Amino acid sequence: MSVSVNPATGDVLADHPDLSDAALDAALTRAAEAAVRRRTMPLAERIASVHALADVLDADRERLARLATAEMGKTLVQARSEVAKCASAARALAELAEEAFADSDRPADARRAFVAREPLGAVLAIMPWNFPFWQALRAAVPPILAGGSVLLKHADNVRGCGDALAETFHAAGMGDGAFEHLATETERVAAVIADDRIAAVTLTGSERAGRAVAAEAGQALKPVVLELGGSDPFVVLADADLDAAVRTAVTARVQNNGQSCIAGKRFIVEAPVADAFTEAF
């Protein structure tokens with residue numbers, strides 16, 4: 001069981017029960033079957049489905065934004081921007097798909113040598129709560145365009161956003177299994193990674209989580225892509241435009257309520273302007 005709590009008020013928004021063993025197994029089966037079905041689907045149909053996804057995101061932007069704000073705590077303005085960014089990125093990826101997935105010839109002595117890009121199958125995406133729509137969408141759209149399917153294991157405190165995303169993909173006409181939300185506890189993730197119906201894994205999160213997921217994926221000999229934490233420096237030299245540096249630094253630190261992998265986390269300021277920078281900041 002996971003509980004969504006509004007971080008601004010402490011109010012309980014919803015209870016989200018974990019999937020039963022049978023429901024989890026059924027989701028894995030749907031995703032595996034969808035991957036088989038979608039790999040033979042014409043690319044033009046896959047592209048059209050992602051354009052439809054962008055249209056649904058635009059049409060439902062306000063509801064989705066308010067859900068993200070309630071569950072995660074970011075400002076409503078930034079939540080709206082996040083949903084709009086999802087729609088924009090979906091369209092951009094769809095427009096790139098034909099070129100990206102085309103076979104590309106290579107010079108060789110063989111009659112023909114070429115690189116072919118084929119879907120892996122069902123991909124498990126383990127995503128964080130700071131950008132509850134964007135992180136999941138940017139992980140999901142490329143493999144779906146490629147002809148695969150995606151199962152989202154979202155952070156527990158934004159399970160409502162995970163459910164909403166699954167509804168959005170379904171409303172875009174992608175059918176059962178193309179995008180599944182696995183509302184399940186972290187302790188069951190290792191078994192999901194090891195399951196033969198999962199072809200690959202991606203995670204955005206902490207270094208500790210990355211080590212655990214990489215170990216499980218390696219044990220199962222499955223591809224894994226990780227985006228982990230950082231400690232990004234913001235450097236201010238003595239000859240900088242101090243007003244501009246301060247404005248940018250504040251935004252860099254507090255954007256998305258400070259919950260951003262690319263936020264400025266260490267401010268390194270030359271001594272002659274350090275006091276003035278600190279006071280203005």
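What you are looking at is a predicted structure, and each value in this text was computed from that prediction instead of being measured.
Nearest heavy atoms, Asn130 versus Cys261: ND2-N, 4.2 Å. Taking each heavy atom of Leu137 and Ala89 in turn, the nearest pair found is CD2-CB, 4.5 Å. When all heavy atoms of Asp156 and Ser2 are compared, the pair lying nearest together is O-OG, 2.7 Å. Closest heavy-atom contact between Ser260 and Gln255: OG-NE2, 4.2 Å. In plain terms, the two heavy atoms of Ala178 and Ala34 that are nearest each other are N-CB, 3.7 Å. Listed here is the closest heavy atom pair of Thr29 and Arg197: OG1-NH1, 2.7 Å.
Atom CD of Gln219 has 12 or fewer neighbouring heavy atoms from other residues, nucleotides or ligands inside a 6.0 Å radius. Taking a 6.0 Å sphere around CZ of Arg266, one finds it holds more than 12 heavy atoms contributed by other residues, nucleotides or ligands.
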May I have the step-by-step check of side-chain contact (heavy atoms from CB on, under 4.5 Å) for Thr168 and Leu57, ending in yes or no?
CA-CA 7 Å; Thr168 300; Leu57 287 165; 3.9 Å; yes
Go through the steps for Asn157 and Val3 under the test side-chain contact (heavy atoms from CB on, under 4.5 Å), then give the verdict.
CA-CA 7 Å; Asn157 59 324; Val3 179; over 6 Å; no
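No continuous path of ILVMFWY side-chain contacts below 4.5 Å connects Val246 to Leu237, so the two sit in separate hydrophobic clusters. Hydrophobic clustering of Ile, Leu, Val, Met, Phe, Trp and Tyr side chains at less than 4.5 Å, counting indirect connections, unites Val83 with Leu93. Tracing side-chain contacts under 4.5 Å through hydrophobic residues (I, L, V, M, F, W, Y), one never reaches Phe281 starting from Val235; they form parts of separate clusters. Met41 and Val123 are members of different hydrophobic clusters when ILVMFWY side chains are connected at heavy-atom separations under 4.5 Å. The hydrophobic cluster containing Phe133 also contains Val50, counting ILVMFWY residues as joined when their side-chain heavy atoms lie under 4.5 angstrom apart, directly or transitively.
We find that Arg66 and Asp60 are not joined by a salt bridge, their nearest charged nitrogen and carboxylate oxygen being 4.0 Å or further apart. With respect to the salt-bridge test (charged N to carboxylate O, under 4.0 angstrom), the residues Asp103 and Arg106 do not qualify.
Looking only at side-chain heavy atoms (C-beta outward), Leu24 and Arg188 come within less than 4.5 Å of each other.
A side-chain contact (heavy atoms from CB on, under 4.5 Å) with Leu203 is found for one member of Val189, Leu124, Val224, Ile126 and no other, namely Ile126.
Here side-chain hydrogen bond (donor to acceptor under 3.5 Å, both in side chains) pairs that include residues 78-93, with residues two or more places apart or in two chains, are Asp55-Arg91, Asp58-Arg91, Glu62-Arg80, Lys74-Glu82.
Of the possible polar contacts, one joining the Thr69 side chain to the Ala65 backbone as a donor-acceptor pair under 3.5 Å is found. A donor-acceptor contact shorter than 3.5 Å links the side chain of Thr202 to the backbone of Val225.
In this pair, His154 and His181 present their aromatic rings perpendicular. The plane angle is above 60°, beyond the 30 to 60° band.
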